[in-house]
Number of protein chains: 2
Amino acid sequence: MPTRTVAQHRDEERREFESFLAQCPSRDLLGTLGSKWVTLVLAALGHGALRYNEILRRIAGISPKMLTQTLRTIERDGLATRTVTPTVPVTVEYRLTPLGNDLLAIILDLKTWAETHVRIIQTARQAYDHPPRNA
Amino acid sequence: MPTRTVAQHRDEERREFESFLAQCPSRDLLGTLGSKWVTLVLAALGHGALRYNEILRRIAGISPKMLTQTLRTIERDGLATRTVTPTVPVTVEYRLTPLGNDLLAIILDLKTWAETHVRIIQTARQAYDHPPRNA
DNA sequence: CCGCATCCTAGGTGATACTG
DNA sequence: CAGTATCACCTAGGATGCGG
């Protein structure tokens with residue numbers, strides 16, 4: 001009857017919380033948005049439909065692999081559609097869905113907030129990293 | 001004068017884009033929010049100041065290490081303050097700053113959006129993962 | 001009570017080369 | 001043109017144990 005049960009209890013709590021987190025819609029969204037390229041691709045598509053290589057050129061730092069991966073993610077979530085036109089060679093076009101456009105609006109709100117407060121945050125960071133000498 | 005310059009050009013573009021990303025306030029914010037625990041801690045502190053162990057108990061799945069790390073992050077960004085009361089043993093209290101409260105509001109907006117649209121997204125995912133047999 | 005140091009693992013990310 | 005395959009890396013995150 002020792003501390004064993006306590007540890008077990010904590011472990012159980014942890015697992016429950018983990019599965020709770022896994023199902024949490026906001027956590028999920030944050031995870032998606034947090035991935036490096038998703039927001040950039042959404043923003044690129046915000047101006048209208050684009051073809052694979054157009055996006056690749058527009059986002060200078062992305063690799064083909066990551067672009068594909070990112071596109072698959074947002075396509076899977078119903079944020080964009082993928083249209084294949086069987087020309088030779090094939091033409092593939094990506095376009096934001098209404099849902100994607102809606103999310104993009106939210107992202108832009110976030111962007112606005114970030115740009116508005118970036119100064120304050122940077123100041124806070126400097127103060128934190130270089131604490132004043134006196135005390 | 002071969003393809004060398006082309007490759008160099010691409011590399012340069014890439015580096016420029018990287019440094020651009022590194023300085024982008026929204027990317028920075030997304031990175032912070034995307035980290036697993038930041039939003040949860042902010043939410044926990046949204047109800048009022050809490051002590052270290054109170055947060056630890058409130059967020060069942062977090063480890064002490066990650067809690068400390070997370071708290072340092074949000075403290076550094078000026079989102080919360082850390083107050084040490086030299087009792088024995090010491091009491092450490094964390095409290096959201098106005099900036100932190102402001103950001104929390106944005107997060108809650110995001111949460112609302114996520115919860116509103118989670119159904120649609122899940123449906124899209126199922127359709128994507130189990131494509132209809134016909135064509 | 002609060003936190004740091006150390007070690008470790010897993011997955012997200014990237015470079016490169018190849019294919020239908 | 002629009003991807004896929006493979007390898008390698010790096011850092012976020014978890015486990016554990018010690019210190020003020």
Side-chain angles (χ1 to χ4, degrees), chain A residues 3 7-8 10-11 13-15 17-18 21-22 27-28 30-41 49-75 80-95, chain B residues 3 6-8 10-15 17-18 21-22 27-28 30-41 49-76 80-94:
Chain A
T3 54
Q8 285 178 350
R10 273 199 66 78
D11 266 13
E13 265 186 337
R14 213 169 263 261
R15 269 193 299 274
F17 199 83
E18 285 299 318
L21 266 191
R27 190 54 270 131
D28 186 63
L30 250 359
T32 305
L33 261 41
S35 87
K36 197 171 178 182
W37 303 106
V38 171
T39 54
L40 288 166
V41 173
L50 288 176
R51 296 175 54 185
Y52 186 87
N53 274 342
E54 289 178 326
I55 309 177
L56 205 57
R57 274 190 298 275
R58 209 168 272 232
I59 306 179
I62 197 172
S63 67
K65 173 189 162 181
M66 288 317 295
L67 179 54
T68 299
Q69 199 172 109
T70 305
L71 285 169
R72 291 292 170 279
T73 304
I74 67 187
E75 188 196 351
T81 58
R82 175 176 183 271
T83 311
V84 181
T85 311
T87 51
V88 177
V90 299
T91 307
V92 182
E93 199 182 63
Y94 294 90
R95 182 189 300 275
Chain B
T3 54
V6 175
Q8 285 178 352
R10 273 199 65 80
D11 266 15
E12 188 180 346
E13 265 186 336
R14 215 168 263 262
R15 268 193 299 274
F17 198 83
E18 285 299 318
L21 266 191
R27 186 61 266 131
D28 186 63
L30 249 1
T32 305
L33 260 42
S35 87
K36 196 170 179 183
W37 302 107
V38 171
T39 54
L40 287 165
V41 173
L50 288 176
R51 296 175 55 184
Y52 185 87
N53 275 343
E54 289 176 326
I55 309 177
L56 205 57
R57 275 190 297 273
R58 210 168 273 231
I59 306 179
I62 198 173
S63 67
K65 173 189 163 183
M66 288 317 295
L67 179 54
T68 300
Q69 199 172 109
T70 304
L71 286 168
R72 288 296 167 278
T73 303
I74 67 187
E75 188 196 352
R76 188 172 105 100
T81 58
R82 175 177 183 270
T83 312
V84 181
T85 311
T87 50
V88 176
V90 298
T91 306
V92 183
E93 198 182 63
Y94 294 91

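The sequence lines fix the lettering, A, B, ..., with proteins before strands; numbering per chain opens at 1.
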So the contacted stretch of DNA chain D, first to last nucleotide with an atom under 4.0 Å from a non-hydrogen atom of chain A, runs from D/dC1 to D/dA15
Query raised in the report: Would you say a side-chain N or O of B/Arg82 is under 4.0 Å from OP1 or OP2 of C/dG3?
Result: yes
*B/Tyr94 vs C/dG3: side-chain N/O to OP1/OP2 distance below 4.0 Å*: yes
- Take A/Thr91 and A/Arg51 through the test side chain to side chain contact (heavy atoms under 4.5 Å, CB included) and record every step on the way to the result. CA-CA 7 Å; A/Thr91 307; A/Arg51 296 175 54 185; 3.3 Å; yes
Scanning both residues in full, the closest heavy-atom pair of B/Thr87 with B/Pro89 reads OG1-O, 2.7 Å
For B/Val38 and B/Thr32 the tightest heavy-atom approach is CG2-O, 3.5 Å
Here the distance between atom P of C/dC2 and atom CZ of B/Arg72, to the nearest Å, is 12 Å
Walking DNA chain D from its 5' end, the first of A/Glu54 and B/Pro89 to be reached, judged by nearest nucleotide, is A/Glu54
Separation of C/dC2 atom C1' from B/Arg51 atom CZ, nearest Å, is 10 Å
A/Gln69 atom CD is separated from C/dA15 atom C1', nearest whole Å, by 14 Å
Per atom distances to the A/Met66 side chain, the nearest of C/dG14, C/dC1, C/dC7 is C/dG14
Atom NZ of A/Lys65 and atom P of C/dG11 are separated, to the nearest Å, by 14 Å
Worksheet item: Can you list the steps and then say if B/Thr73 with B/Val41 is a side chain to side chain contact (heavy atoms under 4.5 Å, CB included)?
Response: CA-CA 11 Å; B/Thr73 303; B/Val41 173; over 6 Å; no
B/Leu56 atom CG is separated from C/dG3 atom P, nearest whole Å, by 11 Å
Those residues at least two apart in sequence (or on a different chain) that pass side-chain hydrogen bond (donor to acceptor under 3.5 Å, both in side chains) with B/Gln69 are none
Within residues 31-40 of chain A, the residues having a heavy atom closer than 4.0 Å to DNA chain C are A/Ser35, A/Lys36, A/Trp37
| message | Over 60° means perpendicular and under 30° means parallel, so tell me whether B/Phe17 and A/Trp37 are parallel, tilted or perpendicular. | response | parallel
Closest non-hydrogen atoms of A/Lys36 and B/Arg27, given as atom of the first, atom of the second and distance, are O-NH1, 3.3 Å
For A/Ile55 and A/Leu71, the nearest pair of non-hydrogen atoms, with its separation, is CD1-CD2, 4.1 Å
Whichever of A/Ser63 and A/Val90 has the more 5' nearest nucleotide on DNA chain C, that residue is A/Ser63
Flag the pair B/Arg72 and B/Glu75 as a salt bridge only when some basic side-chain nitrogen lies within less than 4.0 angstrom of an acidic carboxylate oxygen. yes
